[in-house]
Visitor: 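After the structure tokens below, expect a handful of questions from me.
Just so it is clear, the model here is predicted, and its values are computed rather than measured. The first residue of the sequence shown is numbered 1, and numbering continues consecutively from there. For ligands, and for the atoms within them, numbers begin at 1 and follow the listed sequence.
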Amino acid sequence: MKRGQLLSVLVGGVFCLAVLSLYRMLELMQGAELQRSRERPEVSEDLSRLQQKIDRLERLLNNNNHLVATLRDSLLHRKASWERENREQQVNVSSDSVHSQADGLPGCRLAEEIKDGTNGVQLLDVYDLLPFDNPDGGAWKQGFEISYHDNEWDQQSLEVFLVPHSHNDPGWLKTFDSYYQDQTRHILDNMLIKLSEDSRRRMIWAEISYFSKWWAELDDQKRQMVKRLLKAGQLELVTGGWVMADEANSHYFALLDQLMEGHLWMQRHLGVQPSSGWAIDPFGHSPSMTYLLKGAGLQNMVIQRVHYAVKKHFARQQTLEFLWRQSWDSSPRSDITCHMMPFYSYDVPHTCGPNPAVCCQFDFHRLPGRRVVCPWRISPQPITEQNIKERALLLLDQYRQKSHLFRSPVLLVPLGDDFRFVESSEWDVQFQNYQKLFDYFDQHPELHVKARFGTLSEYFRTLQDHLSTAGTNLPTLRGDFFTYADRDDHYWSGYFTSRPFYKRLDRILEATLRATEVLFSLMLAEMRHFHGNGQLAADFPAVDHFLHLTAARRNLGLFQHHDAVTGTARDPVVVDYGTRLFHSILNLRQVLQSSAHWLLLSDKSQYHHDQSKPFLLMDDVIAAHDALPQKTPLTLSDKPRLLVVFNPSAQLRSSVISVVVDTLDARVVDAETGRPMAAQISAVWEEPSRASSEAFQLDFVAELPPLSLVIYHVTKASVGSAHRVQYTISRHGDPSAVKSKHFQVSEAEVDAPLSLSNKHIQIWSSSESGLLQKLCLLQSGLVHKVQVQFLWYGTTTKQDKSGAYLFLPGPEEAQLYSSSEPPLIRVTRGPVFSDITSRFKHFTHRVRLYHLEGHAGRSLEISNIVDIRSEVNRELVMRITSDVANGNRFFSDLNGFQMQQRRTLAKLPLQANFYPMTSAAFVQDSSSRLSLLAAQSQAVASLRPGELEVVLDRRLQQDDNRGLGQGVTDNKLTASLYQLLLEDRRGGAQEVGGASVEHLSLLAHMTSLFLCHPPHTMVTSSNSQLPRLRPFLPLRSSLPCDVHLLNLRTLEDTQEADTPSQEVALLLHRKGFDCSSAPQPSLPCTWSPNEEVDMDDLFSPLQFRSLRRSGLTLLREHDEPESAWQQQQSRITQLRPMEISAFRAVIE
Ligand SMILES: [Zn+2]
């Protein structure tokens, strides 16, 4: 408590100082007033003096704002820890429970309370149960023989819904635009004609990216036709996402954003909203997607690509239809009705029933003389009076067999395939022949079957009616459907890493988009407030900027497609996606820069927009869609150079800001307070052993209030005044040849282990390789084995080899990476950070420790730059081996939204034990947890106890027979970034049946947030005649640590297209967090034991003119009534752990 008291005194002292300076300001103001009344003459001189004084006042006021924000944060945080300590003492008196620490974290107890995984089907248990023996099932190769009695439907007729669909990939073998021109627009044009011909016809459509492009080209009459078809229920838009998103690599920010983009487009142009989800091609399915669909108001969904053995098991149990529940949710709130398609594929041969040879005969697009054939060598026949009875009974037999796999007599039969229904004649053969069969069924009531064309919602409505009439409950299911296998040992775990360069670029665009959305929305609100009457500055390019934002949302959305972020498109298509991501990053930077420009100006009348001469520029340049960013060297002089740093997180943070300068001696001060920042100068390495003599890296520690824009002055300092880092170089068998005249470079002692430490951790690395070997948490003093290795996987010698989708390694173990030349190892030691860099032939690996106060120094930053372009059929992995006794259990995240337990199973082939990792994975035992937090999506596995390995890049020369028709050989110089966090645990890890639900710790959440959302650094483009600037500090204090500002997204004006409205979508995600340890030192933000939160307080001093809870995609029909908050004084609302809450808000 002594330290606490000292801190309180300190905090009190600083507070008094703040009050004093406020008082001094008032005094000054009075003085100015007095002076003005006394002296009349020489008005202009007077006025300018007054101006200077006001300037000074303003600066003081800003200082105080900053000070008060920091004070408030530290007070809140002291209060929270004091309360916690108090509670702990009480608990310790009453019991010696191992959970005493956990009980001290009230927010985590909330998350504990909602997790309970005992009822219903748990997919992990299914995996334990299944033999994965893959026997031949006969006609239904991966299934079993199905038998039935003819009279089974006598009481209740079979009701068949034949659902026509066309699967349109927004890019795969061709680009989005080529597909649109060659196929999609014809499909939709014909749809309009063919559905209008007969009211019994139906069609469903999923991809709004295509639909909106087509709509833009329609005349008014055709638009009316579309609306009529929608209204009549002949056409249904399903899911309503921008794309049919990948569910393994996509982050939930992007998943939700593309869903919102699609839904808001539907609302604006069509006035409809989707009710059913349709995901027939993503390679495995995630409950994060179902959470978002349910939150967006959908009731039902269909999935298809599930492991064949799981499908078979579910078919036997009649559990192909179930209520999919979130693992962490004990309430049915998040449940959604899910239909899993039972057979191998979504094409016609695999959807009418178990026998593809029969079903193919009912794909009339394959009639003799047409372009497609049946590979089972029995062709379809046109339905005639002569064959109709035989044909109808043959089809009915398949329908009846399929129906046996479900609990109700309602049957869903999709009719379609990739890019189907292009030609008008295809519509005719399908609709006409099927109508004849349906009519035949109608004329023969003794068959007890009613069949018709249907939409997905028609199917689900009828299903729900039957279930409720029969009193049948669908089983509840928890878990996910990774890793997908479609046949034999063909596991689709390759695409978790394929094209890793673009998986990383995806997340850079995502972070840039989120930062820009937030700053743009805050700026518009400020600007409207400033001008009054909701007006914007005269030459502010609001529409241009909003168009850039919209295009970026759509390009990010497009990239979530299941052949885009997955890395499974053809080379030219990958370039098309990459170019879109790249251009959007550049355009968003313009929006970010000009938003910051306006916000920073003291005198807003000085704002002028000139795109050719922007006031601010980013501090780095990305030269091309396939290039890594490069820092722009800044020229320094005695005159201060301005740096502006934007903190995109809603929590206070200390970050190390890195810029490149032209001098060895630089000084950084906070522009407001004049306070010098801790800094260091290091070399810019032009080659591994040659440092640049013109450019130097300047790193300094920035204290960044939540969502703030902070200004720093960088100047050239006196010679020798800046702290230069020291280097130690070692290269075995070769004398050090490192050249640097500006830095002290010494040679490492042979065989002496390399070691670094900061206040919290010490690490030891191998003197041979520079790779990590041991790690000590200094507080507990315990040394853990944490060893980093690199390994190669090859591909099998069998015929089917690894490709873009599949990972098919050989039978031998991964081969330890070795190179003929020893690596160059460079140890850097400085006051801001220290690191060890190992340069190997195929990669440069770096571990870095930051010497930061507080939690930021608790983890180890790992960075890899990989280049495997010289290799053939090889995959490079980074493996971390620890002494954590996790058995065969580990955890990986699903879309950055939740953690999922994994079990490494010996009965499965190696490639089946790899899982997607969007942002995190950990292994744990009762005393420690080792978390790997990642800034990009990759494949992860824990093949042996204590291990975690990630696949960094793959180069594969051949196609893997899933339609792509090429290998993956367009590798690039690829970066990946991580934080490795070792935490002590007290208790936890007890597993009572089923799978335990675990969350990241609060510290891991914050570390991950800061890793994925780095600060954005801008510089003024010129140094001459800068206007007066002041920092922008929108929030009085940090949001609680467990509340993440997911987005603050300006909505489109309802009247004027492409124009920003005053409404924003405010999205908050309250994270569930682990109870087993409290972060030490404490975090710079608080957390609350209550679900209720006062929104006005949370965002103070921002004022909401209106604030209404809505659905996750902000559809108007989901808005809560405006009156909801009118009865109460403040805006108190519920934020449940794990849940995302969406609000439609207008900021005052
Ligand atoms: Zn597809």
Visitor: Does a donor on one side chain and an acceptor on the other come within less than 3.5 Å for Asp893 and Ser919?
Guide: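 There is such a pair (donor and acceptor under 3.5 Å, judged by atom type) between the side chains of Asp893 and Ser919.
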Visitor: Does the distance from a Lys or Arg side-chain N to an Asp or Glu carboxylate O, for Glu458 and Arg202, drop under 4.0 Å?
Guide: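 Salt bridge flag = yes for Arg202 with Glu458.
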Visitor: So, Asp169 and Lys174, do they make that salt bridge, N to O below 4.0 Å?
Guide: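 No, this pair does not count.
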Visitor: Only one of Tyr495, Tyr491, Tyr484 passes ring pair (Phe, Tyr, Trp, His ring centres under 6.0 Å) with Phe283; say which it is.
Guide: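 Only one option passes, and that is Tyr495.
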Visitor: For a side-chain hydrogen bond (donor to acceptor under 3.5 Å, both in side chains) check, start with the C-alpha distance between Asn249 and Gln936, then their side-chain angles and the critical distance, and finish with the verdict.
Guide: CA-CA 9 Å; Asn249 302 289; Gln936 61 285 314; over 6 Å; no
Visitor: Using a cut-off of 2.8 Å, count how many protein N, O or S atoms are strictly closer to the Zn ion (ligand 1).
Guide: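 Number of qualifying protein atoms: 4.
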Visitor: When you compare the side chains of Asn895 and Ser288, does any donor N or O come within less than 3.5 Å of an acceptor on the partner?
Guide: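 Side chains of Asn895 and Ser288: pair found under 3.5 Å.
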